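Note sheet for the following structure.
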Protein chains: 2
Amino acid sequence: MAARDPGSDKTKRHTINDVARLAGVSKKTVSRVINESPFVKEETRKAVLEIMRETGYVPDPQARGLAFRRSFLVGLIYDNPNPQHTISHQQGLLDAMAGSGFELVVRPVDRNSPRLLADMRDFVERQKLFAVVLPSPVSEDEKLAALLRELDVPYVRIGSVALDEPDRMLVSHDGRGAAQAARHLADLGHTRIALISGPPTFRSSIERKKGFEEGLAEAGLTLSPDLAKIGAYTYESGVNAALELFALEARPTAIFCLNDEMATGVYTAAREAGLRIPEDVSVVGYDDAPIAVRLWPPMTSVRLPLRDMGRMAGEMLVPNALREKRADAHEVQPQLVVRGSTGKVG
Amino acid sequence: MAARDPGSDKTKRHTINDVARLAGVSKKTVSRVINESPFVKEETRKAVLEIMRETGYVPDPQARGLAFRRSFLVGLIYDNPNPQHTISHQQGLLDAMAGSGFELVVRPVDRNSPRLLADMRDFVERQKLFAVVLPSPVSEDEKLAALLRELDVPYVRIGSVALDEPDRMLVSHDGRGAAQAARHLADLGHTRIALISGPPTFRSSIERKKGFEEGLAEAGLTLSPDLAKIGAYTYESGVNAALELFALEARPTAIFCLNDEMATGVYTAAREAGLRIPEDVSVVGYDDAPIAVRLWPPMTSVRLPLRDMGRMAGEMLVPNALREKRADAHEVQPQLVVRGSTGKVG
DNA sequence: CTGAAAGCGCTTACAG
DNA sequence: CTGAAAGCGCTTACAG
């Protein structure tokens, strides 16, 4: 290392000027090396890279961002009542971004706020975000997606069904998982199968319900209107909906809930109603949350690879992201996990 | 709005130069207004603020950061196996930061990695972080704290006990919550009380255990060595530890677990052992996680105000943070929540 | 393939 | 109380 380094306070990081001087080239050439320009002689590139290594030089993202008119920040904009979803997506995104030089900035929002679009415009413009990830249900907001296109910010929407061009969409095919649940229950001989869905303001609920009905149809069954309840994706709403179902003269022998929170509510309701799971009623959830295996009996549920989804979204947006050895299909498949909460009818 | 604005592409944001020109002052004066310098004539300030309002001008954080040699990013560095902790802290931090102009950058780490310090130095220096929040157990790393002091980055450590100067510490007094649990069980007449603690590498486990033993002592009880098990803060370790306790000749009549995950494992073990909660064994957890009220019977547990803790840490670090009307004591108190999993002995 | 000049949008000294 | 100059650490045209 050069001893004549002037600003070597130890505390001060090296700049592009230091590297240029030590390598005996212009800062522009160093800049070309940083940005992997092909117009640098191999010899020059190596010399510059060597100096960068020796000095531990790392380009300043703020200065780069200012000149580029674009930051190295990826935004995660979420409004999911389920913390497990957010944290899993976040973790996956960070998996993909690790070592890429990009950072993740998180922003919870209220998707029903009248100020949502104005806030998002301000956020994206002010931070000059490099890209944005929109998990559901924020991903379902067409106006938000339109805004991001207008602002020319790359984004990926994570959703239950294709809502956008393939490059901007990571699809989880929620309906297919629900169809698996329907087939599973039909295979066990159930015919009086109830459904507790989520709010219709969640596309996931709509898609899961649709998939469930398709699965039933395959088995020659239909969803009876009196067995179709609408919950709020919350534990309490699951309890209440199940109590209503259990009060029916012709009780269902199986209940499919469009998320695990509500399915957990069914466990509580069954206990109150004096019904055994699965002997008296089979229960299937959706999410395969940690609680599924902590309940008794362990709950059959549909698993969504949330962390993978976050990682894949990150890989779609971030250059130099760590990539798994997998095809770059922009989709994942839900998977039914059969446990003790479902059994043969009667 | 001035019609003669040259760069009004609509798509382009206004800069400090636009504001200066429109207000008929130098950009330096605009800068003073932005930074709330007292050396600006009230009249001038008002005129500048008015132009800023009209044009919707917002200073560019990257440019400001470059000139300031400091970004407007707050880092959240975490390594907590419990996602609920992270998401709650994160949410609280964001509550405090909302509208402050600062953004939250999240960084999961492996606190046992030999590269931790080097990675953190790089992270903090490269991003020129404005401040850093360290939840436990990362907060317990003295070398990391020393590094941050060396780098001159403000930080707040969130931990079970005071580990640093008051201005750098948010204390949750975990031991006090454990003492409440001990008193509660003693009040119910229990004397053979077991403890399932977490790994001693977690300060929270040490403090909770200590508080628990102090609480027992107050009631004239002591923790019998054969009733003291060490778990891993995981569900499975709770199951195993409880099975060992249940196999004892002199079974405990109550078990206190240092987190809810392990306490949930006790429920499972009790079922396997054919023991009823609370008739045969009382159970107390720690965290008051969502699962506490979804189990049957609902679990008595010690609650920690995680979101508040995140918010308070944010308030300690971020200027202009939204502040609750509360004293700025840098501490919170755990609170025992009594439910159906604890009952009188015998 | 390489570089000198100008600029990204701000703030820090320094003057007055 | 206010401003002209220089600079933060990079990149974009523009030359050669």
Side-chain angles (χ1 to χ4, degrees), chain A residues 5-7 9 11-49 51-52 55-73 101 125-128 130, chain B residues 5-7 9 11-49 51-52 55-73 101 125-128 130:
Chain A
D5 188 336
D9 303 358
T11 61
K12 189 152 162 78
R13 284 176 85 96
H14 296 274
T15 73
I16 197 172
N17 289 307
D18 300 327
V19 176
R21 187 170 30 75
L22 293 170
V25 299
S26 75
K27 59 202 265 196
K28 176 59 212 171
T29 293
V30 178
S31 173
R32 285 198 182 89
V33 172
I34 293 171
N35 294 293
E36 301 182 338
S37 158
F39 305 115
V40 181
K41 208 197 302 177
E42 190 51 31
E43 194 184 316
T44 312
R45 171 193 310 284
K46 278 191 179 157
V48 171
L49 284 174
I51 297 292
M52 289 183 9
T55 56
Y57 169 75
V58 180
D60 181 323
Q62 297 208 73
R64 234 148 80 90
L66 184 59
F68 266 141
R69 293 154 190 77
R70 197 178 190 190
S71 78
F72 293 87
L73 302 175
E125 281 195 326
R126 191 197 305 215
Q127 300 298 331
K128 302 207 200 77
F130 184 84
Chain B
D5 189 335
D9 304 359
T11 61
K12 189 152 163 81
R13 283 177 85 98
H14 297 273
T15 73
I16 197 172
N17 289 307
D18 300 326
V19 175
R21 185 169 32 72
L22 293 171
V25 299
S26 75
K27 60 202 265 194
K28 176 59 211 171
T29 293
V30 177
S31 173
R32 286 198 180 88
V33 172
I34 293 171
N35 293 294
E36 302 181 337
S37 158
F39 305 115
V40 181
K41 207 198 302 175
E42 189 50 31
E43 193 184 317
T44 313
R45 171 193 307 285
K46 277 192 181 160
V48 171
L49 285 174
I51 297 291
M52 290 182 11
T55 56
Y57 169 74
V58 180
D60 182 322
Q62 297 208 75
R64 234 148 80 91
L66 183 59
F68 266 141
R69 293 155 189 77
R70 196 176 192 193
S71 77
F72 293 87
L73 302 175
E125 281 195 327
R126 191 196 305 214
Q127 300 299 328
K128 301 205 200 78
F130 183 86

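Values reported hereafter were calculated over all heavy atoms of this structure, with side chains retained and with hydrogens, waters and symmetry mates removed. This structure is a prediction, so every number in the text was calculated from the model and none was measured.
- Applying the salt bridge (Lys or Arg N to Asp or Glu O under 4.0 Å) test to B/K128 and every residue at least two apart in sequence or in another chain returns A/D60.
- C/dT12 atom P lies 12 Å from atom CG of B/L66, rounded to whole Å.
- For DNA chain D, none of the residues of residues 56-64 of chain B falls under the heavy-atom distance limit of 4.0 Å.
- OP1 or OP2 of C/dT11 lies within a sub-4.0 Å distance of a side-chain N or O belonging to B/N35.
- One can place CZ of B/R21 at 17 Å from C1' of D/dG3, the figure rounded to the nearest angstrom.
- A stem is defined here as three or more consecutive Watson-Crick or G-U pairs, each with both distances under 3.5 Å; for DNA chain D these stems are C:1-3 with D:14-16, C:5-12 with D:5-12, C:14-16 with D:1-3.
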Under-3.5 Å N/O pairs linking protein and nucleotides 13-16 of chain C:
none

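- Distances shorter than 4.0 Å separate none of the side-chain N or O atoms of A/T44 from OP1 or OP2 on C/dC1.
- Using modelled atom types, one side-chain atom of B/R45 and one backbone atom of B/S37 make a donor-acceptor pair closer than 3.5 Å.
- Listed candidates were D/dT11, D/dC8, D/dG3. Nearest to the side chain of B/A67 is D/dC8.
- Looking at A/D18 and A/R21, their side chains come closer than 4.5 Å, going by heavy atoms from C-beta outward.
- Here the P atom of nucleotide D/dG9 and the CE atom of A/M52 are 16 Å apart, to the nearest Å.
- Every residue two or more places apart in sequence or in another chain was checked for a salt bridge (Lys or Arg N to Asp or Glu O under 4.0 Å) with B/R70, and none qualifies.
- One interatomic measurement links the two molecules: CD1 of A/I34 to P of C/dG3, which rounds to 14 Å at whole-angstrom precision.
- Listed nucleotides C/dT2, D/dT11, D/dC8 differ in distance to B/R69; the shortest reach to its side chain belongs to D/dC8.
- Proximity of A/V48 to A/V25: side-chain heavy atoms (C-beta onward) are separated by under 4.5 Å at one or more points.
- Of all nucleotides listed (D/dT12, D/dG3, C/dG7), D/dG3 comes nearest to the side chain of B/T29.
- The distance from atom CD1 of B/I16 to atom C1' of C/dG7 is 16 Å, rounded to the nearest whole Å.
- Taking the nucleotide of DNA chain C with the nearest heavy atom to each of A/P38 and A/K27, the more 5' of the two is matched to A/P38.
- Qualifying salt bridge (Lys or Arg N to Asp or Glu O under 4.0 Å) partners for B/E43, counting only residues two or more places apart in sequence or in other chains: none.
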A/T44 vs A/T29, side-chain contact (heavy atoms from CB on, under 4.5 Å): CA-CA, chis, key distance, verdict: CA-CA 9 Å; A/T44 312; A/T29 293; 3.9 Å; yes
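- Of the side-chain N and O atoms in A/S31, one or more sit less than 4.0 angstrom from OP1 or OP2 of D/dT11.
- In this structure, B/H14 atom NE2 and C/dC10 atom C1' are separated by 17 Å, rounded to whole Å.
- At whole-Å resolution of the value, CD in B/E36 and C1' in C/dT11 are 16 Å apart.
- Counting heavy atoms from C-beta on, the side chains of A/I34 and A/R64 come closer than 4.5 Å.
- Residue B/T15 places no side-chain N or O under 4.0 Å from the OP1 or OP2 atom of C/dG9.
- Note that CE of A/M52 is 9.0 Å distant from CD1 of A/I16, once rounded to the nearest 0.5 Å.
- A 4.5 Å side-chain heavy-atom check between B/L22 and B/Y57 finds every atom pair outside the cut-off.
- Contact annotation for B/F39: base contact, defined as any heavy-atom pair under 4.0 Å involving a base atom.
- Taken from CD in B/Q127 to CD in A/Q62, the straight-line distance is 7.5 Å, to the nearest 0.5 Å.
- In the displayed structure, A/E42 atom CD is contacted under 6.0 Å by more than 12 heavy atoms of other residues, nucleotides or ligands.
- Between the CZ atom of B/R126 and the P atom of D/dG9 there is a distance of 16 Å, rounded to whole Å.
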